[in-house]
Amino acid sequence: MVNQKYLDKAEVLIEALPYIQRFNRKIVVIKYGGSAMLDEELKANVIKDAVLLKLVGFKPIIVHGGGKEISKWVGKVGMEAKFINGLRVTDAQTMEIAEMVLARVNKELVTHVESLGVQAVGISGKDGGLLKCKKKYSNGEDIGFVGDITEVNPKILYDLLEKDFLPIVFPIGFDDNYDSYNINADDAACAIAEAVHAEKLAFLSDIEGVYRDKDDPSSLISELHIQDARKLIEDGYVGGGMIPKLNNCIEAIEHGVNRVHILDGRIPHSLLLEIFTNKGIGTAILREDGEKYYHEHE
């Protein structure tokens, strides 16, 4: 008799098959951040997931930040990280550190991907004029070299995907005067996903997904249409940090992204579990006419 463990493995592969067929040759943007960037084992898992997506025919693009790493290096050189309204104040010296640190993180990720046998190219938002931006203000306050994206030129991404590379992007762009700006990585991932008409955008962070009741972890929502997402925000069910994320998701879908996933990067292989299983593991946000994959039993 065949061991049940092997039958279970076959079952998993069969469940994944329709998703592999459906998303073959489709672009998937992965926003990589949170604890999964700090823990070496989780980092290895995320990279393995992205590589597997590439090898089964998807076209992944990774967009990453590195806020905690930037804070660490700002401290190492004897400076103090300053925040206004929750946003990092980026003076000229901090900007210099941010760009160096993000470039270093970027090449570490490239190395991880290459070590698994897939060719990766690390770029910033400056390369090929990918991310143009203007100075961002927070409630009218000057927060230094922090940028709001004004234009995305995805040509470099299309060229890399066409040549079978996995692009890994860090969010530094420049303005019309070619001054460098640090851009919020969530905003960059959204803008890039919109510009390349991504089939999926996945946010890996330190939250399980969207809860129907922000204080009750058992109320996790597997799939959510954008009109319901708006209602959750309006009715006050969504907590502070989740509001900008959900607004980003809604905006991405309104600008042509088919489906947005909010995932807990602390769960090993959450990306694969969300994309290749019927119920998924985080929250999928769908367009108003979006078809649900998961139908809860009444």
Side-chain angles (χ1 to χ4, degrees), residues 1-32 36 42-63 112-113 115-120 157-158 160-168 189 193 196-204 208-210 220-225 249 252-253 256-298:
M1 188 65 186
V2 179
N3 187 316
Q4 186 60 40
K5 186 174 76 174
Y6 297 115
L7 292 173
D8 290 346
K9 276 188 183 172
E11 206 49 53
V12 167
L13 292 169
I14 289 161
E15 190 177 330
L17 185 60
Y19 302 104
I20 293 171
Q21 288 172 320
R22 184 176 185 136
F23 301 114
N24 191 267
R25 312 308 295 154
K26 297 286 201 300
I27 298 175
V28 180
V29 175
I30 301 158
K31 157 52 186 30
Y32 176 36
L42 289 174
K43 188 189 285 187
N45 285 334
V46 171
I47 297 304
K48 278 181 194 160
D49 289 2
V51 164
L52 192 139
L53 291 179
K54 177 96 176 66
L55 293 173
V56 297
F58 289 57
K59 293 180 170 183
I61 297 168
I62 296 173
V63 180
H112 267 292
V113 172
S115 73
L116 293 169
V118 162
Q119 288 195 301
L157 294 175
Y158 285 134
L160 290 170
L161 292 172
E162 194 190 318
K163 295 284 188 288
D164 212 30
F165 289 104
L166 194 163
I168 304 179
V196 298
H197 308 295
E199 188 68 23
K200 287 176 178 289
L201 165 61
F203 286 104
L204 282 168
E208 282 180 77
V210 181
L220 181 72
I221 303 168
S222 285
E223 292 184 311
L224 188 64
H225 286 110
C249 295
I253 287 170
V257 177
N258 215 19
R259 188 171 279 245
V260 183
H261 303 263
I262 296 175
L263 302 175
D264 190 342
R266 298 166 300 183
I267 298 171
H269 303 297
S270 57
L271 192 57
L272 294 188
L273 291 166
E274 176 66 16
I275 287 177
F276 290 134
T277 61
N278 293 334
K279 183 176 177 182
I281 196 169
T283 300
I285 321 277
L286 335 176
R287 58 178 68 247
E288 293 189 20
D289 58 355
E291 164 208 353
K292 287 198 170 196
Y293 296 161
Y294 171 60
H295 300 281
E296 289 181 79
H297 301 297
E298 298 303 326

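These numbers come from the heavy atoms of this one structure, side chains and all, not from hydrogens, waters or symmetry mates. This chain uses plain numbering: 1 for the first residue, then up along the sequence.
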Between the CD atom in Glu208 and the CZ atom in Arg266, the distance rounded to the nearest 0.5 Å is 7.0 Å
Between the CG atom in Leu42 and the OH atom in Tyr32, the distance rounded to the nearest 0.5 Å is 7.5 Å
Scanning both residues in full, the closest heavy-atom pair of Leu204 with Gly265 reads CD2-CA, 3.8 Å
The residue among Leu271, Ile20, Asp49 that forms side chain to side chain contact (heavy atoms under 4.5 Å, CB included) with Phe276 is Ile20
Test log, rule side chain to side chain contact (heavy atoms under 4.5 Å, CB included), inputs Ser270 and Asp264
CA-CA 7 Å; Ser270 57; Asp264 190 342; 5.5 Å; no
Checking Leu52, Leu53, Val113 against Val118 for side chain to side chain contact (heavy atoms under 4.5 Å, CB included), the one that qualifies is Val113
So CD of Glu223 and CD1 of Ile285: to nearest 0.5 Å the spacing works out to 10.0 Å
Taken to the nearest 0.5 Å, the spacing of Lys163 NZ from Gln119 CD works out to 12.5 Å
Heavy atoms of Ile27 and Tyr158 approach each other most closely as CD1-CE2, 4.1 Å
### Task
Test Lys54 against Asp164 for side chain to side chain contact (heavy atoms under 4.5 Å, CB included), laying out the working first.
CA-CA 9 Å; Lys54 177 96 176 66; Asp164 212 30; 2.6 Å; yes
Between Val260 and the options Val29, Thr283, Leu224, Leu201, the side chain to side chain contact (heavy atoms under 4.5 Å, CB included) test singles out Leu201
Taking every heavy atom of Pro60 against every heavy atom of Ile30, the minimum-distance pair comes out as CB-CD1, 4.1 Å
Here the gap from Leu13 atom CG to Glu11 atom CD, rounded to the nearest 0.5 Å, amounts to 9.5 Å
| field | Trace of the side chain to side chain contact (heavy atoms under 4.5 Å, CB included) decision for Ile61 with Leu161 | value | CA-CA 9 Å; Ile61 297 168; Leu161 292 172; 4.1 Å; yes
Next item on the list: Go through Lys200 and Lys26 one step at a time and tell me if the side chain to side chain contact (heavy atoms under 4.5 Å, CB included) criterion holds.
Entry: CA-CA 8 Å; Lys200 287 176 178 289; Lys26 297 286 201 300; over 6 Å; no
For Cys249 and Phe203, the nearest pair of non-hydrogen atoms, with its separation, is SG-CE1, 3.8 Å
key: Enclosure of Glu15 CD (heavy-atom neighbours >12, cutoff 6.0 Å)   = yes
Original post:
Angle class for the Phe58/Phe23 ring planes (parallel below 30°, perpendicular above 60°, tilted otherwise)?
Top reply: tilted
- Query: Are Arg259 and Glu274 close enough for a salt bridge, meaning some N to O gap below 4.0 Å?
  - Reply: no
d(Ile262 CD1, Lys31 NZ) to nearest 0.5 Å is 11.0 Å
When every non-hydrogen atom of Ile62 is compared with those of Ala50, the smallest separation belongs to CD1-CB, 3.9 Å
